[in-house]
Protein chains: 2
Amino acid sequence: MIARSELKKELINAGIRPSVQRLAIYEYVKSHHTHPTADVVYDALRDVLGSLSLTTVYNTLKLFVDAGLVQLLTIDDTFRCFDGDTSSHAHFRCDSCGRIVDLKIKSDFLAMVDGLGGFEIKEAQLYLKGICPICKRKN
Amino acid sequence: MIARSELKKELINAGIRPSVQRLAIYEYVKSHHTHPTADVVYDALRDVLGSLSLTTVYNTLKLFVDAGLVQLLTIDDTFRCFDGDTSSHAHFRCDSCGRIVDLKIKSDFLAMVDGLGGFEIKEAQLYLKGICPICKRKN
DNA sequence: TTTTATATTTGCAATGATTTCAGAAATGAA
DNA sequence: TTCATTTCTGAAATCATTGCAAATATAAAA
């Protein structure tokens, strides 16, 4: 759990004015590692904050993604979800329960890709899909 | 370029009846390595075939994906595109020109991911984004 | 070949996540 | 406080994708 004042500084450093809504949304994605959709964030915060618009959540998350503070995941092709952890890691999506799991990845994994000379890589996403250990045990 | 009769066999082997539309769509995605969207396939084939419905293109591509004959890519979060090459390879999307490029990847690249024991991996997608060599040279 | 059943295609309407937009509210500076 | 700027809001619009029911094509049976 990161302190609110620390999160505030991060927003300011990124050139983003830390409004009440923005700070709440930022705190949510940084403290919940559940890869929430915009809608999930909206449902979780609408009661905490007096009022909140779903549009604000969409706009704010897009702002964070563009600033590099949050990752946008498209591992499930039917919706977008967000990850406050911007460090390099892989994602696994269980076909059975839908859960998205973080997996550690070696820092030099791009060495496995051939012919990258001349390319400028700004972002890398490794998406794995299949059956998670919990669902496998159930069968 | 693969022969039409060969493509026909592949569909039959997958349990898919090779109708005129299906064969045309299958031939398109297997011979064009441009990662087309459903709409692009539709526009390319509507004139060749007498008539064609966009719904048919969506349904057919989904059929191919479910049968494992074609890959679904979600590297661009605003639309889905398709890849007739189902072999293991990475994809790069240029932020500048939007082009999606195939990149070779070492077959054992999953060794770079920690803690995969217990997981059953059915699909892996490595998406890279940034600036391609052609766009870099232009600047 | 004709009939019948089944599979496929079609076009339009519906869906639903996301975005746009214009006005309202909040914020910061003077 | 006043003014200017930024941010938030909610409703309406967008657009890729899907659902559905009718039309067509294909295969099997008679």
Side-chain angles (χ1 to χ4, degrees), chain A residues 7-8 11-12 14-29 35-67 69-82 93 98 100, chain B residues 7-8 11-12 14-29 35-67 69-82 93 98 100:
Chain A
L7 295 171
K8 208 170 191 170
L11 290 183
I12 293 169
I16 295 170
R17 199 191 285 178
S19 69
V20 176
Q21 290 85 349
R22 286 173 177 174
L23 192 55
I25 294 168
Y26 194 53
E27 185 177 39
Y28 188 92
V29 293
H35 314 92
T37 61
D39 204 61
V40 166
V41 176
Y42 172 65
D43 278 338
L45 295 180
R46 60 193 302 185
D47 296 328
V48 181
L49 302 170
S51 77
L52 179 65
S53 164
L54 181 55
T55 301
T56 298
V57 178
Y58 272 108
N59 289 341
T60 304
L61 287 172
K62 185 179 171 54
L63 192 69
F64 293 165
V65 169
D66 290 345
L69 298 172
V70 165
Q71 274 191 316
L72 169 64
L73 306 184
T74 56
I75 190 169
D76 192 305
D77 56 297
T78 58
F79 56 81
R80 307 179 200 179
C81 59
F82 299 88
R93 201 277 318 272
I100 296 173
Chain B
L7 296 171
K8 207 169 192 171
L11 291 182
I12 293 169
I16 295 170
R17 199 194 284 176
S19 71
V20 176
Q21 290 86 347
R22 286 175 177 172
L23 191 54
I25 294 168
Y26 194 54
E27 185 178 38
Y28 188 93
V29 293
H35 314 92
T37 61
D39 205 61
V40 167
V41 176
Y42 172 65
D43 278 339
L45 295 180
R46 60 192 305 186
D47 295 328
V48 182
L49 301 170
S51 77
L52 179 64
S53 165
L54 182 55
T55 303
T56 299
V57 178
Y58 272 107
N59 289 342
T60 303
L61 287 171
K62 185 179 171 54
L63 192 69
F64 292 165
V65 170
D66 290 345
L69 298 173
V70 165
Q71 274 192 317
L72 169 65
L73 305 185
T74 57
I75 191 169
D76 192 305
D77 56 296
T78 58
F79 55 80
R80 307 178 198 178
C81 60
F82 299 88
R93 202 278 318 273
I100 297 174

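Order of the sequence lines sets the chain letters (A, B, ...), proteins ahead of strands, with each chain counted from 1.
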Between V20(B) and C81(A), which residue's closest nucleotide on DNA chain C lies nearer the 5′ terminus? V20(B)
When you match T60(B) and D77(B) each to their closest nucleotide on DNA chain C, which lands nearer the 5' end? T60(B)
For the pair made of [atom1] in [X] and [atom2] in [N], what is the distance, rounded to whole Å?
X: L63(B); N: dT18(D); atom1: CG; atom2: P; result: 13 Å
X: L52(A); N: dA11(D); atom1: CG; atom2: P; result: 14 Å
X: L54(A); N: dC21(C); atom1: CG; atom2: P; result: 18 Å
X: F64(A); N: dT7(D); atom1: CZ; atom2: P; result: 11 Å
X: L61(A); N: dT18(C); atom1: CG; atom2: C1'; result: 12 Å
X: I12(A); N: dT6(D); atom1: CD1; atom2: P; result: 17 Å
X: I16(A); N: dT6(D); atom1: CD1; atom2: C1'; result: 14 Å
X: L49(B); N: dA25(D); atom1: CG; atom2: C1'; result: 14 Å

If you take all heavy atoms of C81(A) and I100(A), which pair is closest and at what distance? SG-CD1, 3.7 Å
Mark yes or no for whether [X], through its side chain, and [Y], through its backbone, hold a donor-acceptor pair below 3.5 Å.
X: R22(B); Y: R17(B); value: yes
X: T74(B); Y: T74(A); value: yes
X: T56(B); Y: L52(B); value: no

Between N59(B) and T55(A), which has a closest nucleotide on DNA chain D that is more 5'?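 This one resolves to T55(A).
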With a 4.0 Å cutoff (strictly under), does any side-chain N or O of [X] reach OP1 or OP2 of [N]?
X: S53(A); N: dC8(D); answer: no
X: R80(B); N: dT17(D); answer: yes
X: Y58(B); N: dT18(D); answer: no
X: R22(B); N: dA7(C); answer: no
X: R17(A); N: dT27(C); answer: no
X: Q21(A); N: dA26(C); answer: no
X: S51(A); N: dT9(D); answer: yes

Going by modelled atom types, is there a donor-acceptor pair between the base of dC8(D) and the side chain of S19(A) at under 3.5 Å? no
How many angstroms lie between atom CG of L61(B) and atom OH of Y28(B), to the nearest 0.5 angstrom?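 The CG atom of L61(B) sits 11.0 Å away from the OH atom of Y28(B).
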